[in-house]
**Student:** 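The structure's right below; bear with me while I get my questions together.
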Amino acid sequence: MTSTDVHKDVEDSGPSGYAAARLRLLQEGARSGPPRRSALSDLTDEWLSGLFTAGAEALRGVSLIAVGGYGRGELSPRSDLDLVLLHDGSDSGAVAALADRIWYPVWDLGLALDHSVRTPAEARKTAAEDLKVQLGLLDARHIAGDLGLTAGLRTAVLADWRNQAPKRLPELQELCAERAERQGELQYLLEPDLKEARGGLRDATALRAVAASWLADAPREGLDDARRRLLDVRDALHLTTGRATDRLALQEQDQVAAELGLLDADTLLRQVYEAARVISYASDVTWREVGRVLRSRAVRPRLRAMLGGGKPVAERSPLAEGVVEQDGEVVLARAARPDRDPVLPLRAAAAAAQAGLPLSLHAVRRMAAGVRPLPTPWPAEAREQLVTLLGSGQPTIDVWEALEAEGLITQMLPDWERVRCRPQRNAVHIWTVDRHLIETAVRASEFTRRVHRPDLLLVAALLHDIGKGWPGDHSVAGEIIAKDVAARIGFDRDDVAVLAALVRHHLLLVDTATRRDLEDPATVRSVAEAVGSQGTLELLHALTEADALATGPAAWSSWRGSLVADLVKRVAAVLAGDDLDEPEAAAPTAEQERLAIEAVATGSPVLSLRAQTEPPALTEGQPAGDPEPLGVELLIAVPDQPRVLPAVAGVLAVHRLTVRTAELRALDLPDGVEGSVLLLNWRVAAQYGSLPQAARLRADLVRALDGSLDVAGRLAERDAAYPRRRGVVAPAARVTVASAASRHATVIEVRAQDAPGLLFRIGRALEDAGVRMRSAHVSTLGANAVDAFYVTDGKGAQLGAGEAASVARKLEETLRG
């Protein structure tokens with residue numbers, strides 16, 4: 001049936017003709033989506049126009065207006081008809097009679113009708129009092145009658161909206177937030193409301209309203225397509241159910257998928273989730289921009305007065321190399337070159353998450369458009385920045401979503417595409433697979449003080465369900481993928497094996513603890529054989545809890561936790577017996593021996609700086625490049641004396657050098673050379689900017705050792721100069737005594753959030769405790785510091801149990817203070 005035939009039915013038969021034409025239109029298999037919604041709107045316009053004309057006769061100063069979705073020409077099969085009968089107030093009785101001539105035929109056909117009869121002044125007054133009315137009028141469209149009356153109202157309503165935007169937009173944002181709280185996130189719900197849930201059609205309408213205010217605008221790319229896809233799903237839902245519903249119930253998803261020509265219900269949900277994610281991200285960016293504009297308007301008069309009318313210059317505070325903070329967002333520095341810096345997206349993301357700030361949309365798009373792919377395997381800095389991002393807690397989620405919205409995540413981790421927006425048809429799970437993985441990393445970040453390798457815990461959290469995008473047992477498939485991903489991002493062979501084991505066995509502890517007899521030795525031995533080592537068991541225990549907590553409230557309880565803890569204790573007893581003695585010192589290199597002899601001869605510290613590199617990875621289709629920088633190796637030889645560690649750590653902090661690894665040990669000198677020398681072997685990197693000259697470092701170290709450089713004061717002054725950012729709330733520092741870890745010294749273990757001056761504070765606290773340091777082994781894994789200090793009393797003996805506990809307790813109090 002052609003469009004002409006449809007409209008002829010309307011003309012020939014009035015209301016019954018409209019009903020027949022409407023039915024035929026909805027049954028046309030060849031026409032769906034926007035063309036059908038537009039055709040249904042046109043058909044309804046024609047019918048209502050006929051009703052209006054027949055009832056208006058000689059009446060003047062009256063018009064019929066479509067508002068809301070009908071005003072936008074987006075009629076779904078069971079949509080309400082939102083109508084306003086607008087009049088100039090000259091003949092209220094005739095207008096009331098006309099309203100009856102229009103409304104009753106609509107009701108007679110069983111169509112839902114939202115109607116009102118108002119003068120322009122009444123319409124504007126109602127809009128000023130009711131935000132929902134105003135939003136509907138922003139889409140007002142003329143159907144019949146006095147076109148000038150309609151145009152006048154449209155002009156007035158848009159002017160009112162723009163004039164009142166500073167007041168009404170925060171009200172609209174609050175309305176959206178309240179609705180999201182009630183309805184949940186469309187992109188994660190198994191039975192979502194396509195209209196009311198966050199990321200749904202209501203939010204898309206709100207973004208149109210923000211754009212109409214001229215105050216801010218939403219990111220346009222993909223937004224119209226996302227709206228169209230949700231409207232298409234709603235059309236199919238109306239047709240398959242025969243009801244005016246927006247809730248995509250489980251029992252109807254297969255039918256809706258078939259109506260849309262999709263493979264299955266999972267494919268349908270994934271399309272819905274992808275559309276919702278686009279709208280949600282656009283909403284986040286838009287409301288952030290609205291807030292920025294409104295804050296700027298609020299302070300502008302005062303700033304102009306202070307600056308004599310000049311335009312204020314936005315403050316830019318450095319966060320990392322190529323990354324700065326401006327106007328409450330993380331943006332790229334002016335000198336940043338994404339095309340030459342493949343680590344930049346991860347560095348910017350880690351800096352944003354650590355500072356608790358959003359990534360600027362412009363920055364993300366610039367990186368997505370210009371950054372070159374990371375080499376394989378990744379350079380060490382990229383791996384460290386990924387770990388820092390994953391360990392940043394709740395802020396990780398928004399930053400990750402910003403990268404994902406522009407395709408940067410799948411560019412860096414291609415396997416992510418299979419789990420992106422993938423639904424989980426399990427009542428226990430409350431997230432899609434990809435969001436669950438990020439939520440698990442967020443939960444795991446709370447447990448980084450419980451494990452020796454927080455970097456492996458965080459990456460395992462990110463990958464533990466990566467196999468759900470493949471057929472078969474997701475743990476088995478995930479083990480294979482995890483090996484590939486871990487090797488690609490630069491972990492060594494042993495770490496790859498641990499990560500693969502964690503992914504393969506991430507359900508082992510909870511399944512065994514809740515389904516097997518823990519009194520049976522065979523049960524415990526089988527778990528011990530699968531786990532293999534104390535370190536892997538420790539990581540698996542933390543991963544198990546993080547996974548369950550990130551699944552949903554039904555997945556974890558104190559009962560389950562106690563069963564798993566009991567199993568871990570029994571397995572640990574089976575695995576016990578490894579001696580964790582102090583690592584043996586390697587023989588000194590020729591350079592280390594040279595520096596030591598020079599330090600003894602001069603009686604002062606000597607040092608050398610040397611860049612560390614690794615061969616460039618060859619990526620298919622790209623030429624070999626320069627070696628990738630790993631950082632700078634800093635070797636320092638110092639005549640044995642008190643406070644060496646805090647002095648060196650403090651000087652490095654003053655010069656804004658980040659410590660990635662560090663070792664301190666006494667060096668045996670060649671025969672015939674008298675004296676005692678401490679050797680410090682560090683790997684450092686500049687937070688941003690260039691490295692200081694070796695001579696400057698040495699001079700400051702000399703001053704720090706003789707007391708003429710007030711390191712603590714310098715660090716305090718710098719901290720005071722930069723206001724504290726809200727940033728990530730990290731788990732509290734944890735200090736423990738590793739009993740029986742060494743036969744020669746007492747081992748104090750520190751796990752804390754890495755921060756400028758942390759090692760300085762630790763070293764000073766240990767010196768103040770009166771202990772003597774035999775060696776130190778420091779690692780920075782992402783944003784986590786994992787340090788071990790081998791200490792003795794003044795006579796070189798191990799500390800007593802009480803004294804060791806007291807040192808650990810005081811050090812923990814210092815770090816938490």
**Student:** How far apart are the C-alpha atoms of R488 and D484, what are their side-chain angles, what is the distance that settles it, and do they pass the salt bridge (Lys or Arg N to Asp or Glu O under 4.0 Å) test?
**Tutor:** CA-CA 6 Å; R488 189 187 316 140; D484 178 64; 2.4 Å; yes
**Student:** Would you kindly check if the NZ (Lys) or CZ (Arg) of R450 is within the cone defined by 45 degrees around the ring axis of F447 and under 6.0 Å from the six-membered ring centre?
**Tutor:** yes
**Student:** Answer yes when E812 and R816 have at least one side-chain N-carboxylate O distance shorter than 4.0 Å, and no when they do not.
**Tutor:** yes
**Student:** Ignoring hydrogens and geometry beyond distance, is a side-chain donor-acceptor pair present between Q753 and Q354 at under 3.5 Å?
**Tutor:** yes
**Student:** Carefully, step by step, assess R208 and D217 under the rule salt bridge (Lys or Arg N to Asp or Glu O under 4.0 Å).
**Tutor:** CA-CA 8 Å; R208 288 170 58 91; D217 198 6; over 6 Å; no
**Student:** Any Lys/Arg nitrogen of E384 or R660 sitting under 4.0 Å from an Asp/Glu carboxylate oxygen of the other?
**Tutor:**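 The answer is yes: the pair qualifies as a salt bridge.
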**Student:** Would you say the side-chain atoms of T396 pair up with the backbone N or O of V442, donor to acceptor, closer than 3.5 Å?
**Tutor:**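 Checked: no pair found.
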**Student:** State, without any angle test, whether D203 and S283 hold a side-chain donor-acceptor pair at a distance under 3.5 Å.
**Tutor:**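 Checked: D203/S283 side chains show no N/O donor-acceptor pair below 3.5 Å.
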**Student:** Can you tell me if R698 uses its side chain to pair, donor with acceptor, with the backbone of P605 under 3.5 Å?
**Tutor:**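 Here the side-chain-to-backbone pair exists.
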**Student:** Can R610 and E633 be counted as an ion pair, charged N to O under 4.0 angstrom?
**Tutor:**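 Yes, this pair counts.
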**Student:** Just checking, is any N or O donor in the side chain of H655 or R696 under 3.5 Å from an acceptor N or O on the other one?
**Tutor:** no
**Student:** Would you call D284-R198 a salt bridge at under 4.0 Å N-O?
**Tutor:**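 Yes, this pair counts.
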**Student:** Measure across P379 and L374 and return the closest heavy-atom pair with its distance rounded to 0.1 Å.
**Tutor:**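 Heavy atoms only, the tightest pair is CD-CD2, 4.2 Å.
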**Student:** Do E289 and R292 meet the salt-bridge criterion of a basic N to acidic O distance under 4.0 Å?
**Tutor:**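 Answer for the salt bridge query: yes.
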**Student:** Can you tell me if CZ on R340 sees more than 12 non-hydrogen neighbours from other groups inside 6.0 Å?
**Tutor:** no
**Student:** Specify the closest pair of heavy atoms between L294 and P166, including all atoms of both residues, with the distance to one decimal.
**Tutor:**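 Taking every non-hydrogen atom into account, CD2-CA, 3.8 Å.
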**Student:** With rounding to the nearest 0.5 Å, note down the distance linking CG in L709 to CG in D700.
**Tutor:**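 Between L709 CG and D700 CG, I get 5.5 Å after rounding to 0.5 Å.
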**Student:** Taking the basic N atoms (NZ, or NE/NH1/NH2) and the acidic carboxylate oxygens, is any pair closer than 4.0 Å for D495 and R453?
**Tutor:** yes
**Student:** Quick test of your reading of the model: are E274 and R420 salt-bridged, counting only N-O distances below 4.0 Å?
**Tutor:** yes
**Student:** Hydrogens and angles aside, do E329 and H362 bring a side-chain donor and acceptor to less than 3.5 Å of each other?
**Tutor:** no
**Student:** Should R365 and E221 count as an ion pair when the cut-off is N to O under 4.0 Å?
**Tutor:**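 Counted as a salt bridge, because a side-chain N and a carboxylate O are separated by less than 4.0 Å.
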**Student:** Under 3.5 Å, is there a donor-acceptor pair between the side chain of R422 and the main chain of R418?
**Tutor:**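 Judged by distance alone, yes, a pair lies under 3.5 Å.
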**Student:** With a 4.0 Å cut-off on N to O distance, would you call R347 and D341 a salt bridge?
**Tutor:**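 Counted as a salt bridge, because a side-chain N and a carboxylate O are separated by less than 4.0 Å.
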**Student:** Without swapping roles, check the side chain of T448 against the backbone of P454 for a donor-acceptor pair under 3.5 Å.
**Tutor:**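 No; judged by distance alone, with no hydrogens or angles, the pair does not exist.
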**Student:** With a 3.5 Å cut-off and no angle check, do the side chains of W416 and E404 form a donor-acceptor pair?
**Tutor:** yes
**Student:** Could you give the distance from CD1 (I409) to CD1 (I438), rounded to the nearest 0.5 Å?
**Tutor:** 7.0 Å
**Student:** Is there a donor-acceptor pair under 3.5 Å between the side chain of H464 and the backbone N or O of A461?
**Tutor:**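 Yes; judged by distance alone, with no hydrogens or angles, the pair exists.
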**Student:** Ignoring hydrogens and angles, tell me if any N or O in the side chain of D710 forms a donor-acceptor pair with the backbone of G713 under 3.5 Å.
**Tutor:**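 Yes, because the side chain of D710 sits within donor-acceptor range (under 3.5 Å) of the backbone of G713.
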